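All remarks here apply to the structure that follows.
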Amino acid sequence: MECFTDEEFQSRITIKRLGEYVGKSVILMGWIHRKRLHGQVIFLDLRDESGFMQLVIPKTLEIAKMAETLKEEFVLFVKGEVAQRSAENINPKVALGNLEVFVSEIRVINKSEPLPFAVNLYEGNLDENLRMRYRYLDLRRDVMRQNIVMRHKIIKFIRDYMDNYDFVEVETPMLTKGTPEGSREYVVPSRISKGQFYVLPQSPQQFKQLLMVGGLGRYFQIARCFRDEDLRADRQPEFTQLDIEMSYICQEQLLQFIESFMISLFQKFNPEKNFKFMPFKRISYYEAMTKYGSDKPDLRFDMPIMDATDVFQDTTFQVFINILKEKGNIKGIKVENKSFTVKETKELTQIAIDQGGTKGMFAINFLENSIKSSLASHLKPEEIEKIKAIFDAKPGDTVLLIADIARVVHKTLGILRLEVARRLGIMEKVKNDLAFLWVIDFPLLDWSEEENKYVTTHHPFTSPKDEDIPALFSGDPLKILTKAYDIVLNGSEMGGGSIRIHNQDLQHKIFEMLSLKEEDIQARFGHILRAFQYGAPPHGGIAFGIDRLVTVLQNGSSIRDVIAFPKNNSARDLLMEAPSPIHEDQLKELGIQIEKPKTE
RNA sequence: GGGGUCGUAGCUCAAUUGGUUAGAGUAUCGGACUGUCGAUCCGAUGGUUGCGGGUUCGAGCCCCGUCGACCUCGCCA
């Protein structure tokens, strides 16, 4: 085994600093990134956390014999002299390609087995199962190292930015109490209070409001959140939020503050992208749903949903007659300069049925003086003219129509809108655009058929809009809008928040609308309502998904790539192999019995 | 819980759509080579085609089941 003195470790130079040591002897430590054996000379690329450097070992040296036996990913101690490369040997493709190190001494710090997959490739797919099991090797890959380093730099930028605006970062508890609304929570048994449980926070929502009552004024946190729901490419069971709350603030101030913040962030970390909307576009929830069929529309392209219901008041087409009888809608989107083949139309119809939940789709291809459509025999000339006018259809354009109840029509057309944009290469064309928008004016309440009562669409502390407060007492509760907002980027929800209720009477009225009994209110929200009795300042805030933000800034596609140790699709950690059973003694100590899974 | 895609050498992929002995690149091992930089050249090793069953004269390919990864619907105030 090789030995190293403290002095040697202390005089180690990282590779990125070698430019300062040309002509000098240095000590390097790192991994063999790649090796090139020639007849007369050996090249080793040595990699450390800061970069990589070509080592040169002429075969005339005594150490060459040993150097030939070294393998990729061996950990080396190297002593050598830094030299400027001669002009013809400079490699302009890599950082520090103008330098090399002539080795005088090599010691093997640690050997490595051949790796289960190569970490020195610039590109190429890898099975995620493998990557996760050997995440520590995956992290050696350049793209992963960059993601993790950039994540750090982005978070540091955020902390500095917030600090500059007098925000105070406060940590809030991980072991806390459940809230009945919202997502399913992760549960932690209490040993001291047997039969009782903590839950992990799905967000620090109530704590940040309590911090406002506590006089913090401006709070933020890089906060870990936990939600026990099924996963997606952009959803992990534990994820990181930038959580923000401010006192004495109105919605307009908050939106503008966040907007400037987003602009600074993207200009610093992804300057090649263009902001499509400056200032950010704002649309109501209603408009988002009816015009784009989504509460998080991708507005890098328009292709809005248009209403053709009125065209068919006198239709003879039985399908439409039935829909109209049920107070349904007939709406569509226009696809410019595109005629779908029979096969394409069939595929789109199938998507509409499978994903949208509708029964079919009708395509109308406008030609110079006629149309091509399976609907052609059912359309009167004046109906065709009206459709043409509504969609402003030119010869060559195709209109896709969906007829169903409003909710299904919007959802289906929202899905088709995205599918068509992908197929036509529109998505590819707009990939460098940033379509930031605020979705505002969310309804306060929704009617739950299952529970037969009103439920909040956001959370029960969300303030209604001032002008809608009277409607709480007389009027249609479903028409009440709130001071809630989501920030959407390229079809993905990046964050959301609201101005909160600080008036106790109003808060109680909301609980009343939700059909909550006084004892329920006290049991579930007593702590925060009590806090509000002692002079709560008006306040509001927002929370961002940091993982999604970093993914977009890094032009990635999965948040797993910007998380050092993520979980897989089934919420398992394949590296640590969690979750796992725990010992019988531990269960006993916690007063927990496991129900044996039923076997066939 | 539902739907979809995938699973072939350590890794990344192929196999003319059911037909002879399952191939290539890379890694690994051996050799050659005067400065390369994803070095190159020659040679070798490497396979229970995820697993179990079925159909067939014959299955990597078709069918059923199962396990796993990914995408997605429900779900995520």
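Quick note on labels: first sequence line is chain A, next is B, and so on, each numbered from 1. The structure displayed is predicted, hence computed values, not measured ones.
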Between [N] and [M], how far is it from one [atom1] atom to the other, in whole Å?
{"N": "B:G74", "M": "B:C57", "atom1": "P", "result": "47 Å"}
{"N": "B:U48", "M": "B:G23", "atom1": "P", "result": "15 Å"}
{"N": "B:G4", "M": "B:U26", "atom1": "C1'", "result": "31 Å"}
{"N": "B:C62", "M": "B:U16", "atom1": "P", "result": "11 Å"}
{"N": "B:A59", "M": "B:G52", "atom1": "P", "result": "15 Å"}
{"N": "B:G60", "M": "B:U21", "atom1": "C1'", "result": "15 Å"}
{"N": "B:A14", "M": "B:A22", "atom1": "C1'", "result": "10 Å"}
{"N": "B:C29", "M": "B:A9", "atom1": "C1'", "result": "15 Å"}

Quick one: closest heavy-atom pair of A:Arg34 and A:Asn120, and the distance?
NH2-O, 2.5 Å
Looking at the angle O4'-C1'-N9-C4 for a purine or O4'-C1'-N1-C2 for a pyrimidine, is B:U40 syn or anti, with syn meaning within 90° of 0?
anti
At what distance, to the nearest 0.5 angstrom, does [atom1] of [X] lie from [atom2] of [Y]?
{"X": "A:Leu76", "Y": "A:Trp31", "atom1": "CG", "atom2": "CH2", "result": "11.0 Å"}
{"X": "A:Asp486", "Y": "A:Tyr285", "atom1": "CG", "atom2": "OH", "result": "10.0 Å"}
{"X": "A:Ile57", "Y": "A:Glu62", "atom1": "CD1", "atom2": "CD", "result": "13.5 Å"}

Does [N] pair with anything, Watson-Crick or G-U wobble, both distances under 3.5 Å, and if so, with which nucleotide?
{"N": "B:A44", "value": "B:U28"}
{"N": "B:A69", "value": "B:U5"}
{"N": "B:U16", "value": "none"}

Name the nucleic acid region contacted by A:Thr457, choosing base, sugar-phosphate or nothing; use a 4.0 angstrom heavy-atom cut-off, strictly under.
sugar-phosphate
Quick tally for nucleotides 67-76 of chain B: nucleotides whose base has a protein heavy atom under 4.0 Å get B, sugar-phosphate-only ones S, the rest -, giving -SSBBSBBBB
A correct 5'-to-3' footprint of nucleotides 29-37 of chain B, with B, S and - meaning base, sugar-phosphate only and no protein heavy atom under 4.0 Å, is S---BSBBB
Which whole-number value in Å describes the distance from [X] [atom1] to [N] [atom2]?
{"X": "A:Asn125", "N": "B:G7", "atom1": "CG", "atom2": "P", "value": "13 Å"}
{"X": "A:Ile353", "N": "B:G3", "atom1": "CD1", "atom2": "P", "value": "17 Å"}
{"X": "A:Asn120", "N": "B:G38", "atom1": "CG", "atom2": "C1'", "value": "8 Å"}
{"X": "A:Arg133", "N": "B:G50", "atom1": "CZ", "atom2": "P", "value": "16 Å"}

So, A:Glu73 and A:Arg47, do they make that salt bridge, N to O below 4.0 Å?
yes
Could you check whether A:Glu128 pairs with A:Arg560 (Lys NZ or Arg NE/NH1/NH2 to Asp/Glu carboxylate O, under 4.0 Å)?
yes
I'd like to know whether the aromatic ring centres of A:Trp447 and A:Tyr454 sit less than 6.0 Å apart in this structure.
yes
Verify whether one side chain among A:Gln241 and A:Ser203 offers a donor that lies under 3.5 Å from an acceptor in the other.
no
Checking A:Asp48 against A:Ser50: is there a side-chain donor and acceptor pair closer than 3.5 Å?
yes
Could you give the side-chain donor-acceptor pairs of residues 561-569 of chain A under 3.5 Å, partners two or more places apart or in another chain?
| from | atom 1 | to | atom 2 | distance (Å) |
| --- | --- | --- | --- | --- |
| A:Asp561 | OD1 | A:Arg131 | NH2 | 3.0 |
| A:Lys567 | NZ | A:Glu238 | OE2 | 3.0 |
| A:Asn568 | OD1 | A:Ser570 | N | 2.8 |
| A:Asn568 | OD1 | A:Ala571 | N | 3.3 |
| A:Asn568 | OD1 | A:Arg572 | N | 2.9 |

Applying side chain to side chain donor-acceptor pair (under 3.5 Å), which residue pairs with at least one partner in residues 542-551 of chain A are found, sequence neighbours left out?
A:Arg151-A:Asp547
List in chain and number order the residues that pass ring-ring contact (aromatic ring centres under 6.0 Å, His included) with A:Phe511, two or more places apart in sequence or in another chain; answer none if no residue qualifies.
A:Phe525
Taking only heavy atoms on the protein side, list every residue of residues 481-498 of chain A lying under 4.0 Å from any atom of RNA chain B, sorted numerically.
none
